[in-house]
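One structure is given below, encoded as structure tokens.
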Amino acid sequence: MTGTKDTPVQAAGCVLWRRSPVDGGLEVCLVHRPKYDDWSHPKGKLKHGEDPLAGALREVEEETGYTAAPGAELPTLHYLANGRPKQVRYWAAEATSGGFTPSTEVDRILWLSPTAARPRLTQPRDRELVDELLATMRHA
């Protein structure tokens, strides 16, 4: 993506969720990125001219192996990454099919209850998205 160091990097992702195959409870998918040794929601930079929602769903599939049905748009996060502003748009998305295969970008995923997912997320800003997901599901 071209632009100056002041132009925000455009990215998108999803708070990916499913119903537990065991008890039907809500589970959130977290991805582990070995490059950063962190746990986060699946997300990534948009390709030039790419629709943000399409990019978010592409990143989910690339990082987790799951296709997803998008739901409500969640808050957009703004922060600095490597000294550049970054803007990440997020959606709630239900995992519909697929399965995880480890890669160099994402070596592990976890399906956790929202209560367990919140403290596992490396960045506090990502924890707020779990709360937003729960809020949208209560009003659905």
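Note that the numbering runs from 1 along the sequence shown for the chain.
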Can you name the closest pair of heavy atoms from [X] and [Y] and give their distance?
X      : Y      : value
Trp91  : Gly71  : CD1-O, 3.6 Å
Val130 : Arg118 : CG1-NH2, 3.9 Å
Ala11  : Lys86  : CB-CE, 3.9 Å
Arg19  : Gly24  : CD-O, 3.0 Å
Gly55  : Leu46  : CA-CD2, 3.8 Å

Report yes if the side chains of [X] and [Y] come closer than 4.5 Å at any heavy-atom pair, otherwise no.
X     : Y      : value
Ser20 : Leu26  : no
Val9  : Pro85  : no
Val28 : Leu112 : no

Quick check on the hydrophobic clustering: are [X] and [Y] connected, directly or via other members, by side-chain heavy-atom contacts under 4.5 Å?
X      : Y     : answer
Leu16  : Leu53 : no
Trp111 : Val31 : yes
Val60  : Trp17 : no

Give me the one residue out of Arg108, Lys43, Arg33 that meets salt bridge (charged side-chain N to carboxylate O under 4.0 Å, His left out) with Asp38.
->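 Answer after filtering Arg108, Lys43, Arg33: Arg33.
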
Determine whether the side chains of His32 and Asp107 contain a donor N or O and an acceptor N or O closer than 3.5 Å.
-> yes

Residues, nucleotides or ligands: over 12 heavy atoms within 6.0 Å of Asn82 CG =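 Open.
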
If you count the non-hydrogen atoms of other residues, nucleotides and ligands that lie under 6.0 Å from NZ in Lys45, is the total more than 12?
-> no

Side-chain (Arg120) to main-chain (Trp39) donor-acceptor, under 3.5 angstrom = no

Within the distance-only criterion (no hydrogens, no angle test), does the side chain of His41 pair as donor or acceptor with the backbone N or O of Leu30 below 3.5 angstrom?
-> no

Derivation of the side chain to side chain contact (heavy atoms under 4.5 Å, CB included) call for Val15 and Leu74 | CA-CA 9 Å; Val15 179; Leu74 301 174; 3.5 Å; yes

Contact list for residues 58-75, test side-chain hydrogen bond (donor to acceptor under 3.5 Å, both in side chains), sequence neighbours left out |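 For residues 58-75, and leaving out neighbouring residues, the side-chain hydrogen bond (donor to acceptor under 3.5 Å, both in side chains) pairs sorted by first residue read Glu50-Arg58, Arg58-Glu62, Thr67-Thr96, Thr67-Ser97, Glu73-Arg89.
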
